[in-house]
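Before any comments, here is the structure.
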Amino acid sequence: MPRVKDELLELWRFRSLLWQLVRRDLKVRYKNSRLGFFWSVAPPLMQVAVITFALKHATDFAKGFESYSAYVLAGMIPWTYFQTAVLDASQSILLMYGVIKKVYLPREIIPLAGAISNFIHFLLSWLVFFVYLWGISRAPILPTTLWLPYLAFVQFMLVTAICLLVACLNVFYEDVKYIVSILMSLALFVLPIIYVVEQPLYRGSRWLHGIGFQLYMLNPLTSLITGYRKALLEPPPRSVLGGPSLPLDVGNLLLTGLISFVLLVASYAYFNSRKWQFVERP
Amino acid sequence: MTSASLAGTEEPMARPAICIENLHKTFLLRHRTAGTIKRAVLNAFLRNPVERREVLKGINLTIQRGETAAIVGRNGSGKSTLLALIARVYKPTSGHIQVNGTVAPLLELGAGFHPDLTGAENLGLYGAILGLTSRQIRERAAQIVEFAFDTPDLAEKIDVPMRNYSDGMKMRLGFSVAIHTDPDILIVDEVLAVGDEAFQQKCLRKITELQQRGKTILFVSHDMNVVRRVATRVIWLHDGIIRMDGDVDAVVDAYTRSAEPPAP
């Protein structure tokens, strides 16, 4: 496909702009605040604290976990990355509208820069997580931690794919950003963030048996969040789950990698097919 | 089609800087009649009427290397659209544009600048938008600042957030960055009018210097004094077609006469 090659070459030619935009994002985000990076770690930490408190006292959901908050945090960090990156992307092109109306530049650079700067925040959040997990909680370092780079990379492809798609669509239909933010608040409960996948599976929800569970695990985010937990944390006791803990599912994770890659290619192609119409929307 | 701006310097000198053949550009315009809630609800369900407006109706134009062409014409005659097509912001609806050499458009005030970043940081960002590499930006930063802020009281503001800049200072920095990208073709769309007298003089001198170095300049202006002083050729666009093209004085005189109210 010669056209894709040309597009990628053109992107490479503008790499210094991409780098400048990433740096701008990182700098601007906390430019006027005193505590800087703290503000990107604080919201998920506070959320985890509130969820842990509420669920420990209101339900038996969290009972029996060695460290329930570590589980929630391991779901919340990838989730926060996905959410902020996609919400940022939905506005990204319109924020740069004044520039793209005047200057030629590969338009995909704009959502890409947002996806990359959010990825950097995501990696920093894991650092905070490990300080908590290994430094404060003294949890053992599992050999499966080596899965983390693979999982982070797959998630980067997935997030970038959705960012490109949402950024492009929102130029033409500004309803998209509202739809996205509603879906986000739903997804917080649909995804296994405040619970682990075994809980609904063994609790006899009739949707989550057999093929239903397979489909649920086909969602790349479900698969990734579950993957992070299985790779980094020891399984919760059987009594909490209501059955045996499922092993780290290598096949499922490889499939998720493939799905994310295909999504990225498709969404990049779609973005490119429409990117020259951005400045001409009626 | 417009791949030529990649080519840069290895192009033979004989080729014209810009070659435009039978260029058409049509935009879709959606009319939104705002007002009542009933109207708004209807608009959400019915598709608003879309008008196709042909802004450029067949432009043929060749601009040689080293020319300074001024484009004049009434508001809405297609001047900015033509410049944007040359800068590759729009794709032609039909027809052909060939641009030989690198193009730097001089941005409008504030576009591309981020208010929370300092002048120095914005300089890097804007330079990258215009296609400079990180290394080129580092090498040229000092020159750019010196050209933009020639007095000490201005120069010390380079590390202050851009929101504390006046419009004139943003203009100075923007012009300075665009000039120092050392483009083969500089595109200026009605922004030279900002800046104090001293800086305007300096810009005009810089433009003269670029002309002497054989650069191609394309600018839109409503200031006929600037046009007469700088341009080597004037193109008068009227309603999407070229009405007159050629000698500076002849075209400017004709254009000025057309703008006068008809004699009673």
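Within every chain, numbering begins at 1; the chains are lettered A, B, ... in the order of the sequence lines, protein sequences first and strands thereafter.
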B/T133 side chain vs A/S16 backbone, donor-acceptor pair below 3.5 Å: no
Result of checking A/L17, A/I109, A/I100 against B/I129 for side-chain contact (heavy atoms from CB on, under 4.5 Å): A/L17
Given a strict heavy-atom distance threshold of 4.5 Å, which part of A/L21 is in contact with chain B: side chain, backbone, both, or neither? both
I'd like to know whether CZ of A/R274 has more than 12 heavy-atom contacts from other residues, nucleotides or ligands below 6.0 angstrom. yes
B/T26 and A/E280 have their tightest heavy-atom pair at O-OE1, 4.5 Å
Hey, could you give me the NZ/OG distance between A/K101 and B/S80, rounded to the nearest 0.5 Å? 9.5 Å
Is it the backbone or the side chain of A/R107 that comes under 4.5 Å from a heavy atom of chain B, or both, or neither? side chain
Let me know if B/F27 has heavy atoms under 4.5 Å from chain A in its side chain, its backbone, both or neither. side chain
Contact part of B/I137 toward chain A, heavy-atom cut-off under 4.5 Å: side chain, backbone, both or neither? side chain
Nearest heavy-atom neighbours spanning A/Q20 and B/L125: OE1-N, 3.7 Å
Between B/E121 and A/K27, is there a side-chain N and carboxylate O pair less than 4.0 Å apart? yes
If we only count heavy atoms from C-beta on, is the A/Y104 to B/V103 side-chain gap below 4.5 Å? no
Quick one, B/Y90 with A/Q277, criterion side-chain contact (heavy atoms from CB on, under 4.5 Å). Give me CA distance, side-chain angles, the key distance, then yes/no. CA-CA 8 Å; B/Y90 299 129; A/Q277 297 159 20; over 6 Å; no
Other residues, nucleotides, ligands: >12 heavy atoms within 6.0 Å of A/Y150 OH: yes
May I ask you to check whether over 12 heavy atoms, not counting those of B/K157, lie within 6.0 Å of atom NZ? no
